[in-house]
Amino acid sequence: MRKTVREAARATRQLAPAAVLSFGSYLFVTVLLIGAIGAVSVVAIGLLPETVLLVRRIAGAKRRMVAAWTGQEIPEAYRPVEGTVRERVRTVVRDPGTFTDLRWMVAYYAYGCLPFLAIPLWLLGLLVDGVWCGLLRREAVVLPLIGRLADLDAKWSTALLKPSPKAELAVRVEELTETRAGAIAAHGAELRRIERDLHDGTQARLVSLSMRIGLAKRAYDRDPEAARRLLDDAQDQAEEALTELRHVVRGIHPPILTDRGLAGAVRALAASSGLDVAVTVDGLEDADSERDGARAPAAVEAAAYFVVAESLTNAAKHSGAERAEVGLVRTGKGLRVTVRDEGRGGADEGGGSGLLGMRRRVAALDGTLRLTSPVGGPTVIEVELPCVW
């Protein structure tokens with residue numbers, strides 16, 4: 001009996017806020033119907049986006065209640081309401097999530113009375129189950145119905161608040177549009193960087209090299225010693241130009257990724273870093289295991305390498321840390337990259353530290369980047385890159 005009362009009390013705690021929400025929904029739906037009648041006026045239409053946003057908040061509160069009871073999140077799929085009044089009205093009218101929320105609210109107008117049934121069940125249950133369990137030692141029959149009420153409320157709310165495939169598709173299109181724009185911006189920035197490196201570095205050295213060779217040809221007959229010095233300088237210029245070309249090529253796609261794979265490339269990156277970097281690898285092999293399917297696609301490896309390189313560079317320049325940790329883990333759905341340093345923290349994406357570029361590069365592959373950097377540290381960057389092994 002004591003266990004039954006505890007379970008009923010837990011269900012009641014779930015139904016109590018649902019009852020409050022239900023009462024508020026009754027009032028809100030009534031006001032909504034009155035507002036719909038007056039929607040022929042321009043003022044009422046202008047209030048439509050704010051009304052829909054309020055409905056979204058109410059539906060979000062119900063989603064959180066259901067998730068607290070069932071342990072399963074109900075996803076949201078809404079288009080952002082932005083722009084002018086006309087654009088905002090057009091967005092909320094065309095958003096499939098608006099119809100989903102209104103459908104739930106109208107249905108909740110009917111089944112929202114379920115939480116109120118807990119009151120008579122408590123009164124009847126304490127009497128019936130008190131005798132039935134306390135005296136006859138049988139299982140309770142009335143109080144468990146309170147838990148079933150909470151289950152039924154959560155089941156119906158889940159079915160009604162779950163986004164439709166059309167709504168999920170619309171949100172997915174919005175996400176892909178944003179990631180495509182980010183990928184284009186990142187690609188443009190990368191092209192400008194390569195162009196700048198070639199123009200300011202390699203091209204200038206090649207021009208200087210050509211001039212020195214020309215001067216050496218002119219001085220060869222009258223001053224062979226000066227011509228030899230000019231040729232020596234030209235050789236140094238050629239070596240420096242080759243070094244800069246290798247640097248540019250490494251920025252496009254590091255050859256070490258092809259030669260040694262991601263694990264070997266990251267170990268080499270850690271060894272050349274100014275920090276004491278510990279690298280842990282789980283499920284990834286070296287480059288010669290590509291035939292066994294242990295390597296990720298080239299684009300995924302390049303993105304992971306870029307994240308590690310940029311993160312270690314930021315840590316060495318800005319964090320003040322002496323040590324860092326890099327983790328590469330092969331998961332069932334992709335690759336997880338974790339970079340952690342014990343520096344001062346406080347990393348900001350708007351601070352020009354390359355975090356925005358990392359996020360764009362990861363988003364272009366439909367991945368996710370999570371940054372945790374409280375003031376005082378530590379700074380942790382965790383990246384999930386989906387791929388098929």
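Quick note: numbers below take in every heavy atom, side chains included, and nothing from hydrogens, waters or symmetry partners.
Taking hydrophobic clusters as Ile, Leu, Val, Met, Phe, Trp and Tyr residues chained together by side-chain heavy-atom distances below 4.5 Å, Leu312 does not share a cluster with Val380. Clustering ILVMFWY residues whenever any of their side-chain heavy atoms sit less than 4.5 angstrom apart, transitively, puts Val281 in the very cluster that holds Val307. Criterion: ILVMFWY side-chain heavy atoms under 4.5 Å apart, direct or through other members. Under it, Phe99 and Ile74 are not part of a common hydrophobic cluster. Cluster membership for Ile146 and Ile119, using ILVMFWY side-chain heavy atoms within less than 4.5 angstrom, is not shared. Tyr108 and Trp69 end up in different hydrophobic clusters when Ile, Leu, Val, Met, Phe, Trp and Tyr side chains are linked at under 4.5 Å.
For Asp282, the salt bridge (charged side-chain N to carboxylate O under 4.0 Å, His left out) criterion is met by no residue, not counting sequence neighbours. Under the side-chain contact (heavy atoms from CB on, under 4.5 Å) criterion, Ala315 pairs with Leu275, Ser319, Asp341, sequence neighbours left out. For Ala303, the side-chain contact (heavy atoms from CB on, under 4.5 Å) partners are Arg361, Leu365, Leu385, not counting sequence neighbours. Residues forming a side chain to side chain donor-acceptor pair (under 3.5 Å) with Glu87 (at least two apart in sequence, or on another chain): none. Residues passing the side chain to side chain donor-acceptor pair (under 3.5 Å) test with Glu384 are Arg336, sequence neighbours excluded. For Arg88, the salt bridge (charged side-chain N to carboxylate O under 4.0 Å, His left out) test picks out Glu50, with sequence neighbours left out. In this view, Arg229 and Glu225, Ala226 satisfy the side-chain contact (heavy atoms from CB on, under 4.5 Å) rule, not counting sequence neighbours. Taking Ser373 as the reference, Thr379 meet the side chain to side chain donor-acceptor pair (under 3.5 Å) condition, with sequence neighbours excluded.
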### Query
So Lys62 and Val66, side-chain contact (heavy atoms from CB on, under 4.5 Å) or not? Walk me through it.
CA-CA 6 Å; Lys62 186 60 180 179; Val66 173; 4.1 Å; yes

### Task
Test Val375 against Arg344 for side-chain contact (heavy atoms from CB on, under 4.5 Å), laying out the working first.
CA-CA 6 Å; Val375 177; Arg344 62 177 63 95; over 6 Å; no

### Task
Report the C-alpha separation of Arg228 and Asp233 in whole Å, then their side-chain angles, then the decisive distance to 0.1 Å, and conclude whether the salt bridge (charged side-chain N to carboxylate O under 4.0 Å, His left out) test is met.
CA-CA 9 Å; Arg228 188 177 296 108; Asp233 292 341; over 6 Å; no

#### Entry: Stepwise side-chain contact (heavy atoms from CB on, under 4.5 Å) test for Thr368 and Val362
CA-CA 6 Å; Thr368 59; Val362 170; 5.6 Å; no

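Considering only heavy atoms from C-beta on, Lys155 stays 4.5 Å or farther from Asp151 through its side chain. Considering only heavy atoms from C-beta on, Tyr78 comes within 4.5 Å of Asp101 through its side chain. Within the 4.5 Å cutoff, the side chain of Thr331 has no heavy atoms near those of the Leu335 side chain. By the 4.5 Å heavy-atom criterion applied to side chains, Ile381 and Val383 are counted as neighbours. Contact check for Val89 versus Val93: side-chain heavy atoms found under the 4.5 Å cut-off. You'll find the side chain of Ser311 reaches within 4.5 Å of the side chain of Met358, heavy atoms only. Residues Val308 and Leu269 form a side-chain contact, since some pair of their non-hydrogen atoms from C-beta on lies under 4.5 Å apart. Here the side chains of Arg64 and Glu73 are not in contact, with every heavy-atom distance at 4.5 Å or above.
Applying side chain to side chain contact (heavy atoms under 4.5 Å, CB included) to Leu328 and the options Thr338, Val266, Thr280 leaves one that passes, Val266.
Interatomic distance, CG of Leu145 versus CG of Leu152, reported as 11.5 Å (0.5 Å rounding). We find the CD-CG distance between Glu382 and Leu371 to be 11.5 Å, quoted to the nearest 0.5 Å. Note: Thr70 OG1 to Met65 CE = 13.0 Å, rounded to the nearest 0.5 Å.
Comment: Asp153 does not engage Arg148 in a salt bridge, judged by the lack of any side-chain N to carboxylate O separation of less than 4.0 angstrom. Taking a cutoff of 4.0 Å between a charged side-chain nitrogen and a carboxylate oxygen, Arg56 and Asp95 qualify as a salt bridge.
Between Pro378 and Arg340, the closest heavy-atom pair is CG-NH2, 3.5 Å. Nearest heavy atoms, Arg260 versus Ala268: NH1-CB, 3.8 Å. Residue Leu149 comes nearest to Ala118 through the heavy atom pair CD1-N, 4.1 Å, listed as atom of the first residue, atom of the second, then distance. Across all non-hydrogen atoms, the minimal contact from Ala304 to Val337 is CB-CG2, 3.8 Å. When all heavy atoms of Gly60 and Glu76 are compared, the pair lying nearest together is CA-OE2, 3.7 Å. Of all heavy-atom pairs between Val92 and Pro49, the closest is CG1-CA, 4.1 Å.
Although no hydrogens or angles enter the test, the distance criterion places a donor-acceptor pair under 3.5 Å between the side chain of Thr100 and the main chain of Pro96. Checked by atom type and distance alone, the side chain of Arg63 pairs as donor or acceptor with a backbone atom of Leu161 at under 3.5 Å. Side chain of Arg359 to backbone of Leu369: a donor-acceptor contact under 3.5 angstrom is found. Not a single donor-acceptor pair under 3.5 Å links the side chain of Arg330 to the backbone N or O of Ala296. No donor-acceptor pair under 3.5 Å is formed between the side chain of Arg267 and the backbone N or O of Val279.
Counting non-hydrogen atoms of other residues, nucleotides and ligands closer than 6.0 Å to CZ of Arg86 gives a total of 12 or fewer.
Residue pairs that meet the ring-ring contact (aromatic ring centres under 6.0 Å, His included) test with at least one member in residues 222-241, sequence neighbours left out, do not exist here. Within the structure, ring-ring contact (aromatic ring centres under 6.0 Å, His included) contacts touching residues 141-164 (residues at least two apart or in different chains) are Tyr111-Trp156.
If you chain together ILVMFWY residues whose side-chain heavy atoms come under 4.5 Å of each other, Leu215 ends up grouped with Leu230. Grouping Ile, Leu, Val, Met, Phe, Trp and Tyr by side-chain contacts under 4.5 Å, direct or through others, puts Met211 with Val207.
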